[in-house]
Amino acid sequence: MKTLTATLVADGTSDRMLLPIIQFLLDEWSPVPHRTLFAEGLHIGPLSARLPRALQLYPCDLLFIHRDAEAAPAKDRQQEIATATAQLANPPTHVCLIPIRMTESWLLLDQQAIRTAAGNPKGSTPLELPPIKSIERLADPKARLFEALNAATDNTGRRKRQFKPESARHRVAELMNLSSLRQLPSFERSEDQVKQFFATYE
């Protein structure tokens, strides 16, 4: 049986934290064995320049393209992706991954994953995570996630200064209950595209 290959082209190196999320989507919907590649070093410059190089180095059957919405409407990012993929010769099917504002907004749903990623799974310090309905309206979800990770350590003084939330956020994606992402419309749009792809996959 053929193994399906998916490639992730992301905004930055830190966005490899999307890999467990892609793996979850493939585990949920792919009828065949699958693997995911990360287009390393291809996060700078316009998509129209990055995508051909990514497909040359990391050929795939399904292309995941990540763009943070940041201050732009998600539909603008979708159009940007559509314009870039239209310039490709024989492009694979693509899935848009467009978290509102930035990827970290998708990691604010699982308090226990944050505590475990911070190295203090039994901690009880309030993390003050935003309500689910407001997550996609946060101005700076990265700052909110880093604040939660720092609080979850219960560290003080030098140990607090030595803690690196930038590294710990990757563990959040690996540890969290990824089905909880279905509460966020931006993730639902991505999952719908994956479902559509596999509905006709042979």
Note to self: List the residues meeting side-chain hydrogen bond (donor to acceptor under 3.5 Å, both in side chains) with Gln78, not counting sequence neighbours, and say none if there are none.
What the structure shows: none
Notebook entry, point to check: How long is the span from the CG atom in Leu8 to the CG atom in Leu37, to the nearest 0.5 Å?
Noted result: 9.5 Å
Next item on the list: Could you list all the ring pair (Phe, Tyr, Trp, His ring centres under 6.0 Å) pairs where at least one residue sits in residues 75-111, not counting sequence neighbours?
Entry: Trp106-Phe187
Next item on the list: Please list, chain by chain and in numerical order, all residues satisfying salt bridge (charged side-chain N to carboxylate O under 4.0 Å, His left out) with Glu166, sequence neighbours excluded.
Entry: none
Margin query: I need the Leu4 CG to Ser30 OG distance, nearest 0.5 Å.
Written below: 5.5 Å
Notebook entry, point to check: Going from CD on Gln111 to OG on Ser180, what distance comes out if it is rounded to the nearest 0.5 angstrom?
Noted result: 12.5 Å
Check: Quick one: do Val172 and Leu181 end up in the same hydrophobic cluster if we chain Ile, Leu, Val, Met, Phe, Trp and Tyr together by side-chain heavy atoms under 4.5 Å apart?
Finding: yes
Note to self: Which residues pass the salt bridge (charged side-chain N to carboxylate O under 4.0 Å, His left out) test with Arg67, not counting sequence neighbours?
What the structure shows: Asp11, Glu80
Identify all side-chain donor-acceptor contacts of residues 135-146 below 3.5 Å with residues at least two apart in sequence or on another chain.
residue: Glu136; atom: OE2; partner: Ser186; partner atom: N; Å: 3.4
residue: Glu136; atom: OE2; partner: Ser186; partner atom: OG; Å: 2.3
residue: Arg137; atom: NH1; partner: Lys133; partner atom: O; Å: 3.0
residue: Asp140; atom: OD1; partner: Lys142; partner atom: N; Å: 3.4
residue: Asp140; atom: OD1; partner: Ala143; partner atom: N; Å: 3.1

Item checked: Residues clustered with Leu47, ILVMFWY side-chain links under 4.5 angstrom -> Val9, Leu51, Leu55, Leu63, Ile65, Ile81, Leu88, Ile98
Check: Can you tell if the side chain of Ile22 reaches within under 4.5 Å of the side chain of Leu97, non-hydrogen atoms only?
Finding: yes
Next item on the list: Identify whether Leu42 and Leu19 are in the same connected component of the hydrophobic contact network (ILVMFWY, side-chain heavy atoms under 4.5 Å).
Entry: no
Next item on the list: Provide the closest heavy-atom pair for Ala117 versus Ala168 in the form atom of the first, atom of the second, distance.
Entry: CB-O, 3.6 Å
Note to self: According to a hydrophobic-cluster definition based on side-chain heavy atoms being under 4.5 Å apart (Ile, Leu, Val, Met, Phe, Trp, Tyr only), do Ile100 and Leu109 belong together?
What the structure shows: no
Next item on the list: Please answer: with hydrophobic residues joined when any side-chain heavy atoms are less than 4.5 Å apart, are Leu175 and Leu108 in the same cluster?
Entry: no
Check: What are the two closest heavy atoms between Ala6 and Phe64, and how far apart are they?
Finding: CB-CE1, 3.8 Å
Check: Would you find a donor on one side and an acceptor on the other, under 3.5 Å apart, between the side chain of Asp15 and the backbone of Gly12?
Finding: yes
Item checked: Salt bridge Asp68-Arg77, side-chain N to carboxylate O under 4.0 Å -> no
Note to self: Contact between Lys2 and Val32 at the side-chain level, heavy atoms closer than 4.5 Å - yes or no?
What the structure shows: no
Next item on the list: Please check if any side-chain donor atom of His66 sits under 3.5 Å from a side-chain acceptor atom of Thr103, or the reverse.
Entry: yes
Check: Is the shortest distance from a Lys or Arg side-chain nitrogen in Lys195 or Glu188 to a carboxylate oxygen in the other one below 4.0 Å?
Finding: no
Notebook entry, point to check: Who pairs with Thr93 by side-chain hydrogen bond (donor to acceptor under 3.5 Å, both in side chains), at least two apart in sequence or on another chain?
Noted result: none
Notebook entry, point to check: Which salt bridge (charged side-chain N to carboxylate O under 4.0 Å, His left out) pairs, counting each pair once, include a residue from residues 97-117, with sequence neighbours left out?
Noted result: Glu104-Arg169
Check: Is the side chain of Gln193 donor-acceptor paired with the backbone N or O of Cys96 at a distance under 3.5 Å, no angle test?
Finding: yes
Notebook entry, point to check: If you round to the nearest 0.5 Å, how far is CD1 of Ile21 from CD of Glu174?
Noted result: 11.0 Å
Next item on the list: Could you walk me through whether Ile114 and Leu129 pass the side-chain contact (heavy atoms from CB on, under 4.5 Å) test, one step at a time?
Entry: CA-CA 10 Å; Ile114 291 172; Leu129 296 178; 3.9 Å; yes
Check: Of all heavy-atom pairs between Pro121 and Thr116, which one has the smallest distance, and what is that distance?
Finding: CB-OG1, 3.6 Å
Notebook entry, point to check: Does any N or O in the side chain of Ser134 come within less than 3.5 Å of the main-chain N or O of Pro130, such that one atom is a donor and the other an acceptor?
Noted result: no
Check: Please, which pairs that meet salt bridge (charged side-chain N to carboxylate O under 4.0 Å, His left out) have at least one residue in residues 35-54, sequence neighbours excluded?
Finding: Arg16-Glu40
Margin query: Quick check: closest heavy atoms across Pro126 and Ala151, and the distance to 0.1 Å?
Written below: O-CB, 4.4 Å
Note to self: Please find the pair of heavy atoms, one from Arg189 and one from Ala74, that lie closest to each other, and give the distance.
What the structure shows: NH2-CB, 4.3 Å
Next item on the list: Tell me whether Leu62 is reachable from Tyr58 by hopping between hydrophobic residues (I, L, V, M, F, W, Y) whose side-chain heavy atoms are closer than 4.5 Å.
Entry: no
Checklist line | Residue pair Pro20 / Ala173: nearest heavy atoms and the distance that separates them | finding: CB-O, 3.7 Å
Next item on the list: Would you give the length of the straight line joining atom CG of Leu18 to atom CZ of Phe38, rounded to the nearest 0.5 angstrom?
Entry: 8.5 Å
Item checked: Partners meeting side-chain hydrogen bond (donor to acceptor under 3.5 Å, both in side chains) with Ser179 (sequence neighbours left out) -> Asn177
Margin query: With a 3.5 Å distance limit and no angle check, can you tell me whether Glu191 reaches the backbone of Leu25 through a side-chain donor-acceptor pair?
Written below: no
Checklist line | Evaluation steps, side-chain hydrogen bond (donor to acceptor under 3.5 Å, both in side chains), between Gln87 and Thr83 | finding: CA-CA 7 Å; Gln87 299 175 41; Thr83 299; over 6 Å; no
Margin query: I'd like to check the ring pair (Phe, Tyr, Trp, His ring centres under 6.0 Å) partners of Phe197; sequence neighbours left out, ordered by chain and number.
Written below: Tyr201
Next item on the list: Could you tell me the separation between the OG1 atom of Thr7 and the CG atom of Leu57, rounded to the nearest 0.5 Å?
Entry: 10.0 Å
Note to self: Going by the rule side-chain hydrogen bond (donor to acceptor under 3.5 Å, both in side chains), which residues pair with Asp27 if we only count those two or more places apart in sequence or in a different chain?
What the structure shows: Gln23, His34
